[in-house]
S.K.: 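This is the structure I want to talk about, given as structure tokens.
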Amino acid sequence: MSSIRYTQDHEYIRIDGDTGTVGISDYAQQQLGDVVFVELPESGKKIGQGEQAAVVESVKAASEVYAPVAGEVIEVNGALEGEPGKVNADPAGDGWFFKIRIGDAKQLDTLMDENAYAEFLKSLG
Amino acid sequence: MLNNQGRPTQPANNNEASSRRRETFTGNRGLQQEEGLIFEFGRAEVSGVDIDEPAQFKPRLGKFERKTPLGLPGLSEPEAVRHYVRLSQKNYSIDAGLYPLGSCTMKHNPRLNEKMARLPGFSDVHPLQPQSTVQGAIELIDELEKWLLELTGMSAVAMSPKAGAHGEACGMMAIKAAHEARGEGKSRHIVIVPDSAHGTNPATAALIGYTVRAVPARADGTVSAQAVREALGPDVAAIMLTNPNTCGLFEKEIVEIAKAVHEAGAYFYCDGANFNAIMGKVRPGDLGIDAMHINLHKTFSTPHGGGGPGAGPVVLSQALAPYAPLPVLGVDKTTLPGKSFTCLIEQEPELAGTARKPFGRMTAFHGQMGMYVRALSYMLSHGADGLKQASEDAVLNANYVRARLSDIMSLPFGDKPCMHEVLFDDKWLKDTGVTTLDFAKAMIDEGYHPMTMYFPLVVHGAMLIEPTESESLASLELFIMTLRDLAFGVLRGETERFTQAPRLAPRRRLDETAAARNPILRWTKPEAISVAAE
Amino acid sequence: MRYLPLTPDDRSLMLSRIGAANIDELFADIPRDKFMRALPDLPRRKSEAEVERLLSRMAAKNTPASSVPFFVGAGAYKHHVPASVDHLIQRSEFLTSYTPYQPEITQGTLQMLFEFQTQVANLTGMEVANASMYDGSTGCHEAVLMAHRITRRKKAVLSGGLHPHYADVVRTISHMASDEVVSMPADVTAAEDIIAQIDKDTSCVVVQSPDFFGNLRDLAPIAEKCHAKGALLIAVFTEAVSLGLVEPPGAMGADIVVGEGQSIGNGLNFGGPYVGLFATRQKYVRQMPGRLAGQTQDADGKRGFVLTLSTREQHIRREKATSNICTNSGLCALAFSIHMTLLGESGLRKLARVNHANAAQLADMLSAAGVAVLNDAFFNEFTIRVKGSAQQLVEKLASQGILAGVPVSRLLPRAGLDDLLIVASTEVNTDEDRATLVEALR
């Protein structure tokens, strides 16, 4: 049974057992505009919650992507290298960034569920 | 993580059915002539320079003779002149029109400066020929130093930095050297930078190993001494503050800020990009500043040349003066027996026994001599009275634009005097379907270069206008009337005039997204059709 | 004042429309006790004629390279620049435009930069080049920083043949950033074993060819060892004309090539402004500093050019940028590009051959006169051993109207090489110049 959680920095993590798939939200891709480059972490890298894991670049902006929870990177979406536009076209699907083995499931409780994130976006106006 | 500046970078789908219609056979439009790349029409065997083959000689290249093809097409002189003249005609320039790029200072570039820089005594001397044969060049540097010190009220100047950002690095390295001399080089690792700063400031701090601590500006667009005090501590090496700041405002608590910085054992770096607003009105040295670079290409009219070369001498306070990098001016009493002359000291051993402890070297040789000549020519022309008048006129012109547009465009910090540039935001464009970018592009169709846009980042949809002192009242009026007409056009809902702009420039909006996703950074020979089809 | 169009009447009218009683009301935020009441203690305005007289007098105290037998090189070179180059760079649209941030009305500069980038890449034998750096020396330290980013290591090894000023610039920045630098001792005859210095912590090796002393260096074995150890080879040159005749660093395995472009299109200018050339492999392009022009299309489908990959740069990336560089050396790059276009490859080859012939001939004449020439393979510059102090000799010859070269001790005062002189001979030297020099050194 998979579920999805969001950070205040607009990353999502789709949870599937002890693995999480991380990407940026649809709102985030809209704000960034056309994504032209994605710098992904190395597979096998251990990262802490809130640490920089990737960089996403549009023409005029570069933004860091932080790990929603701590864990080890087990797979990265190499397809983004040639087709960064997938992040715009399908952020929740083909546009995922990397998969992480979740180190501490309790950290998921610090994140927002879909409803809470929708409320959060409303508060941004 | 979001760092969106709201600027579309891909042209909207063009809805004019006629857009791909062939207007003319050549693609030219009257005086606007299309021009190919030299790689497309130049030929390897053609040359615009006549050189005779050398007579027989014994080569000394060893095994290093070039076997790799060069791939450099040549053009005869008439072809080359035509190529570059045609390219030039696709550029906007300050010579052709008002160029209101805020923070960039596009003022008139006097041609006397160009003539002076080309005197063989300046342009045709080598940086390493004996100093006894370049006494006039050294005299010129000495004279320029005197002007810079007098105008800024500082103790010393490091001449060699090649541009503003290079000057920043120079000033920050002098600061680091001073902390090292006190044994605090490691413990002081933070540099305070307001979030309205030029991007070069945090980049410079990071370059030499500092961590940036940001301080926000207040609602009025300036930095408060209180906020700086709260950010200070024993780990802080320096503050980097632009004054007048990037919002076009004078930092009115600057004296208090300097005092707080010094009390905390840190130094005050001032980004002098906007010194052109205050020449002859106030001296940075009197405000407590320790280091400030001066963009000779902004304040002192050396031409921008399509992106450089610049020059960024750094003035230093007494505390930092000893650390100025090599070369420094001095007196040579030993080279020519019985004669003493002004010289450039190029090596540290020559400074043994003096208080000078240069932190190193910024560049090969002595810096941007060609820019020094132009800057001094400008200073001599203006004189003390003219420079002060130039500052006043720059500020007057900016305020005139503000006063004549404030009823229709929105000012983020209220309707109050600005310095040499006036900052508008995009509140007034809200819900019109026109963005700052669209508005800027429509200015192109009206024959103007757009203002600086989306900078500073702290103001949404920023439009930063710097008319400079070079504009006459009539020129300013026409510019203002044009912006008013455009603004009314926005409010009347003439959206296409903006979203489709520019329509009359040599090119329409360019696809920056495609350029970044699939970078083509050089010409390559197109594959033959038969190969491509396979 | 001739550069200020506003009249006193204009100024009062404008102030009244602004609603200010006087100009100083607009400066009200300046603390009153710091406000300058009097003019700075500097001379008043001058006419064009007066300025011209003053500056011409200063210029007349200098000895221009063209006026004497001239053999000074060591990082900057006297070449003939065609008249059309200086004419074209003074076109208003090139001279007085800004960085091409609005591509629709700066296609001239952008296309020129695209052509320049291609010329530099081809000349150096590399895949991509940027739109120029301030000069060769600052480009050199930027290359070291770039290598550190790519390798995530922090140790640079500098060859003893690297121009001493370039080495000083690298050491200065590295010291500030707490990066390690290993500097090999001055290497007059290209005998150093730099390969032995490369280990698992080495980020990059910096080797110049032709080097400071004029030697041509074999980069291939150094590149091979670098790559085996995961380090990068940075190749440096200060004489761009050499690449018309000498195998380029790209063909010998260099990962980053930086050089001084002054030799082509740009005058000596007492050291600046010059133009830094910077090229690398395609795979490293996102770690490259400086501006880049790229090809794209406009809304009508026409080819055009823009500045691209700017997320590397300071104005977007701020403290995470690849460099703090903002300005490049646009107009000097234009001069380089125009001169290169005028030469074309046939002209560049001939120019390079004439340079090499002149230097080789001078070396032969000096050897025949009993002067020791220390180099084996060189391009248009070499090192000789003189009797006594080279510095004093140069001063003496200068007083006789000969600018004979650069004493090594001027740049390396502590190396114990006081009797070495670096001599360059370019296409501007005549047979008579060479005979005069040889006679003076005999």
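As the structure is a computational prediction, the values presented were derived from the model and not from experiment. Within every chain, numbering begins at 1; the chains are lettered A, B, ... in the order of the sequence lines, protein sequences first and strands thereafter.
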S.K.: So do the side chains of B:D95 and C:L95 get within less than 4.5 Å of each other, counting heavy atoms only?
M.R.: no
S.K.: Keeping B:Q347 on the side-chain end and C:R410 on the backbone end, is there a donor-acceptor pair under 3.5 Å?
M.R.: yes
S.K.: CD1/B:I208 to CE/C:M176 distance, rounded to the nearest 0.5 angstrom?
M.R.: 6.5 Å
S.K.: To check you understand the geometry: which heavy-atom pair defines the closest contact between C:S66 and B:D124, and what is its length?
M.R.: OG-OD2, 2.6 Å
S.K.: With rounding to the nearest 0.5 Å, note down the distance linking OG in C:S97 to NZ in B:K90.
M.R.: 14.5 Å
S.K.: Work out which heavy atom in C:F114 is nearest to a heavy atom in B:L37; give both atom names and the distance.
M.R.: CD2-CD2, 3.9 Å
S.K.: Using a 4.5 Å cut-off on heavy atoms from C-beta on, say whether the side chain of C:F27 contacts that of B:E392.
M.R.: yes
S.K.: Using side-chain heavy atoms (C-beta onward) and a distance below 4.5 Å, is B:E469 in contact with C:M1?
M.R.: no
S.K.: Please round to the nearest 0.5 Å and tell me the distance separating atom OG of C:S56 and atom CE of B:M116.
M.R.: 5.0 Å
S.K.: Roughly how far apart are C:Y98 OH and B:H304 NE2, rounded to 0.5 Å?
M.R.: 5.0 Å
S.K.: List the atom of C:E104, the atom of B:L510, and the distance in Å for their closest heavy-atom pair.
M.R.: N-CD1, 4.0 Å
S.K.: Is a salt bridge present between B:D286 and C:K34, judged by a nitrogen-to-oxygen distance below 4.0 Å?
M.R.: no
S.K.: Closer than 4.0 angstrom, basic N to acidic O: yes or no for B:K67 and C:E247?
M.R.: no
S.K.: For B:S381, give me all partners under side chain to side chain donor-acceptor pair (under 3.5 Å), at least two apart in sequence or on another chain.
M.R.: C:R2
S.K.: Would you find a donor on one side and an acceptor on the other, under 3.5 Å apart, between the side chain of B:R43 and the backbone of C:G344?
M.R.: no
S.K.: Quick check against the 3.5 Å criterion: does C:N62 have a side-chain atom that pairs as donor or acceptor with the backbone of B:A137?
M.R.: yes
S.K.: Identify, with sequence neighbours excluded, every residue that meets ring pair (Phe, Tyr, Trp, His ring centres under 6.0 Å) alongside B:W147.
M.R.: none
S.K.: Once rounded to the nearest 0.5 Å, what's the spacing between atom OG1 of C:T296 and atom CD1 of B:I520?
M.R.: 7.5 Å
S.K.: For a side-chain contact (heavy atoms from CB on, under 4.5 Å) check, start with the C-alpha distance between C:T63 and B:V125, then their side-chain angles and the critical distance, and finish with the verdict.
M.R.: CA-CA 7 Å; C:T63 308; B:V125 288; 5.8 Å; no
S.K.: Between B:G42, B:A55, B:A163, which has the largest tally of heavy atom pairs under 4.5 Å with chain C?
M.R.: B:A163
S.K.: Heavy atoms, side chains only, cut-off 4.5 Å: are C:R414 and B:P349 in contact?
M.R.: yes
S.K.: Please report the interatomic distance CD(B:E139) to CE(C:M58), rounded to the nearest 0.5 Å.
M.R.: 4.5 Å
S.K.: Is it true that, when you exclude C:K46 itself, more than 12 heavy atoms of the residues, nucleotides or ligands shown sit nearer than 6.0 Å to its NZ?
M.R.: yes
S.K.: Determine, step by step, whether C:Q90 and B:R118 satisfy the side-chain contact (heavy atoms from CB on, under 4.5 Å) criterion, reporting the C-alpha distance in whole Å, the side-chain angles of both residues, the deciding distance to 0.1 Å, and the verdict.
M.R.: CA-CA 12 Å; C:Q90 288 194 76; B:R118 284 169 173 80; 3.1 Å; yes
S.K.: Decide yes or no for B:R361 and C:V169: does some side-chain heavy atom of the first lie under 4.5 Å from some side-chain heavy atom of the second?
M.R.: yes
S.K.: Give me the atom names and distance for the closest heavy-atom approach of B:S377 to C:L55.
M.R.: CB-CD1, 3.7 Å
S.K.: Which heavy atom of B:P54 sits nearest a heavy atom of C:A357, and at what distance?
M.R.: CB-CB, 3.5 Å
S.K.: Measure across B:A80 and C:L342 and return the closest heavy-atom pair with its distance rounded to 0.1 Å.
M.R.: CB-CD2, 3.6 Å
S.K.: Is any side-chain heavy atom of B:Q389 closer than 4.5 Å to a side-chain heavy atom of C:R45?
M.R.: no
S.K.: If you take the centroid of each ring, where Trp contributes its six-membered ring, are B:F359 and C:H175 closer together than 6.0 Å?
M.R.: no
S.K.: Is there a side-chain contact between C:D364 and B:R60 (heavy atoms, below 4.5 Å)?
M.R.: yes
S.K.: Decide yes or no for C:R91 and B:N91: does some side-chain heavy atom of the first lie under 4.5 Å from some side-chain heavy atom of the second?
M.R.: no
